[in-house]
Asks: 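Pasting a structure below so you can have a look.
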Amino acid sequence: MPGPIQSVERAAAVLRLLSGAGRGLGVVEVGNALGLAKTTAHGILRTLVDVGFVVQDEDGDYRASPALADLGRPRTGADDLRAHAVNWADSLAARTGESVRLAVLQEGRALVVHHVFRPDDSAQELTTGASLPAHACALGKVLLASAPVRLRGRLPAMTARTLTDAAALRRALTAVREQGWALEVEELTTGVAGVAAPVRDRGGLVVGAIGVDGAAGRLVDTRGRPRAGVVPAVRQAARSISRELGARVEQ
């Protein structure tokens, strides 16, 4: 088995030191307390500042961030996510000709925080604010694939094609993590399919999902596979939003 990772141990030590100091500490003080070279201490402190675990005051001293007490909540809120996603969602709708939705995980369900109508003259209903069963939609599968959610027993069926067996859903979520996108065909609504991809923040945490949904006949072929161009378009939009949030993602 691999041993402890020294950089993580050092970062943890810095956080413990700052949390218990009761005042701001300079780089030299941190280095001396932990036996670290000034350059090493400075690098760790700057990284911790960048990820929001440490703050630097006007005198240049470092303190543990109040955000450490609130690690259970997502760093990127729904409003911030929506603000960064609006232009990319519009572009995705124009590129695919389908409806686009942005969602976050809330109490095990996919909460739609932004919805762009399909760019045609058909009658459509705004679903912003809707809470969707995560196991039955592409947006939700993306969110569940990266969430510490326990799936057990039988899940509610929305249509005859909904995955209701928890073990089968866990296998599907493994595939979502490996391929980087999710597909749903008539699992939430008969005749409708969806494709979604994860949106990540600076640290790589999945903070949302963006996807398209529309008539199954337009989005998938007769074998239930996404039609050409749909998956790349969705993934590109997700990567673009992620980059705006500071995530390091491939081009």
Asks: Can you measure from CD (Q236) to OG (S91) and round to the nearest 0.5 angstrom?
Replies: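 Separation between the atoms: 9.0 Å.
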
Asks: Kindly work out whether a path of hydrophobic side-chain contacts (I/L/V/M/F/W/Y, heavy atoms less than 4.5 Å apart) joins V54 to L17.
Replies: yes

Asks: Kindly work out whether a path of hydrophobic side-chain contacts (I/L/V/M/F/W/Y, heavy atoms less than 4.5 Å apart) joins L132 to V142.
Replies: no

Asks: Quick check: does any side chain N or O of E186 sit under 3.5 Å from a backbone N or O of V192, one acting as donor and the other as acceptor?
Replies: no

Asks: Using modelled atom types and a 3.5 Å cut-off, is there a donor and acceptor pairing between side-chain atoms of S146 and backbone atoms of L143?
Replies: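 No; zero donor-acceptor contacts below 3.5 Å.
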
Asks: Say you draw a straight line from CG of L102 to CG of L81; how long is it, rounded to the nearest 0.5 Å?
Replies: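 Between L102 CG and L81 CG, I get 4.5 Å after rounding to 0.5 Å.
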
Asks: Contact between I210 and I241 at the side-chain level, heavy atoms closer than 4.5 Å - yes or no?
Replies: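 Contact flag for I210/I241 side chains = yes.
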
Asks: Establish whether L139 and L105 are linked, either directly or via other cluster members, by ILVMFWY side-chain heavy-atom contacts under 4.5 Å.
Replies: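 L139 and L105: separate clusters.
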
Asks: Run the side-chain contact (heavy atoms from CB on, under 4.5 Å) check on W88 and R243 step by step: do they pass?
Replies: CA-CA 12 Å; W88 298 111; R243 280 194 291 271; over 6 Å; no

Asks: State, with a plain yes or no, whether a side-chain heavy atom of H114 is found less than 4.5 Å away from one of R101.
Replies: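 No; the side chains remain at least 4.5 Å from each other.
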
Asks: Regarding E187 and R161, does a basic nitrogen lie under 4.0 Å from an acidic carboxylate oxygen?
Replies: no

Asks: Would a 4.5 Å heavy-atom cut-off, applied to side chains only, mark W181 and V176 as touching?
Replies: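 With C-beta onward as the side chain, the pair stays apart.
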
Asks: Mind running side-chain contact (heavy atoms from CB on, under 4.5 Å) on L245 and H84 for me, showing each step along the way?
Replies: CA-CA 7 Å; L245 293 173; H84 285 88; 3.6 Å; yes

Asks: Using only heavy-atom distances, determine whether the side chains of T174 and R177 contain a donor-acceptor pair under 3.5 Å.
Replies: yes

Asks: Any side-chain heavy-atom pair from T189 and D213 closer than 4.5 angstrom?
Replies: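 No - every pair of side-chain heavy atoms lies 4.5 Å or more apart.
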
Asks: Taking a hydrophobic cluster as the set of Ile, Leu, Val, Met, Phe, Trp and Tyr residues connected by side-chain heavy atoms closer than 4.5 Å, whether directly or through intermediates, do M158 and L155 fall within one such cluster?
Replies: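 Each belongs to a different hydrophobic cluster.
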
Asks: Please find the pair of heavy atoms, one from R10 and one from T40, that lie closest to each other, and give the distance.
Replies: NH1-CG2, 3.7 Å

Asks: Any sub-3.5 Å donor-acceptor pair from D59's side-chain atoms to D61's backbone N or O?
Replies: no

Asks: Salt bridge check, R239 against E244: does any charged N sit closer than 4.0 Å to a carboxylate O?
Replies: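 Salt bridge: no.
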
Asks: Hey, does the side chain of H135 reach the backbone of A166 with a donor-acceptor pair shorter than 3.5 angstrom?
Replies: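 Checked: no pair found.
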
Asks: Does one hydrophobic cluster hold both V112 and V100, with members joined at side-chain heavy-atom distances below 4.5 Å?
Replies: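 No, because V112 and V100 fall into different hydrophobic clusters, even though each may have its own neighbours under 4.5 Å.
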
Asks: Looking at every heavy atom in both L188 and P133, which two are closest together, and how far apart are they?
Replies: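 Where L188 meets P133 most closely, the heavy atoms are CD1-CG, 3.6 Å.
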
Asks: Indicate yes or no: at least one non-hydrogen side-chain atom of Y62 is less than 4.5 angstrom from one of V49.
Replies: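 SC-SC contact between Y62 and V49 confirmed.
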
Asks: Enter the distance from L48:CG to F53:CZ here, rounded to the nearest 0.5 Å.
Replies: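 Nearest 0.5 Å value for the CG-CZ distance: 8.0 Å.
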
Asks: If I compare all heavy atoms of R200 with all of V207, which pair ends up nearest, and what's the gap?
Replies: C-CG2, 4.2 Å

Asks: What distance separates R170 CZ from L144 CG, expressed to the nearest 0.5 Å?
Replies: 12.0 Å

Asks: Kindly determine whether E29 and K38 satisfy salt bridge (charged side-chain N to carboxylate O under 4.0 Å, His left out), including the steps that lead there.
Replies: CA-CA 9 Å; E29 289 179 294; K38 180 179 178 180; over 6 Å; no

Asks: Do T96 side-chain atoms and E98 backbone N/O form a donor-acceptor pair below 3.5 Å?
Replies: yes

Asks: Before you tell me yes or no, could you show the steps for H115 and S99 under side-chain contact (heavy atoms from CB on, under 4.5 Å), namely the whole-Å CA-CA distance, both residues' side-chain angles and the distance that decides it to 0.1 Å?
Replies: CA-CA 7 Å; H115 182 192; S99 170; 2.8 Å; yes

Asks: Determine the minimum heavy-atom distance between I44 and A11, stating which atoms define it.
Replies: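 Looking at all heavy atoms of both residues, the closest pair is CG2-CA, 3.9 Å.
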
Asks: Please report the closest heavy-atom contact between G108 and A134, naming both atoms and the distance.
Replies: O-CB, 3.4 Å

Asks: Can you tell me how far the CG atom of D221 sits from the CZ atom of R218, to the nearest 0.5 Å?
Replies: 15.0 Å

Asks: Could you tell me whether R118 and D120 have a side-chain N and a carboxylate O separated by less than 4.0 Å?
Replies: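 Yes, charged N to carboxylate O under 4.0 Å.
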
Asks: Go through the steps to decide whether L18 and L45 satisfy the test side-chain contact (heavy atoms from CB on, under 4.5 Å), and finish with yes or no.
Replies: CA-CA 10 Å; L18 295 178; L45 287 165; 4.0 Å; yes

Asks: Does atom CD of E9 have more than 12 heavy-atom neighbours, drawn from other residues, nucleotides or ligands, at distances under 6.0 Å?
Replies: yes

Asks: Is there a side-chain contact between R46 and Q56 (heavy atoms, below 4.5 Å)?
Replies: yes

Asks: Salt-bridge test for K141 and E184: reply yes if a basic N is under 4.0 Å from a carboxylate O, no otherwise.
Replies: no

Asks: If I compare all heavy atoms of S242 with all of V199, which pair ends up nearest, and what's the gap?
Replies: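 Minimum heavy-atom separation between S242 and V199: OG-CA, 3.5 Å.
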
Asks: So V27 and H42, do their side chains get closer than 4.5 Å, heavy atoms only?
Replies: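 Sidechains of V27 and H42: in contact.
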
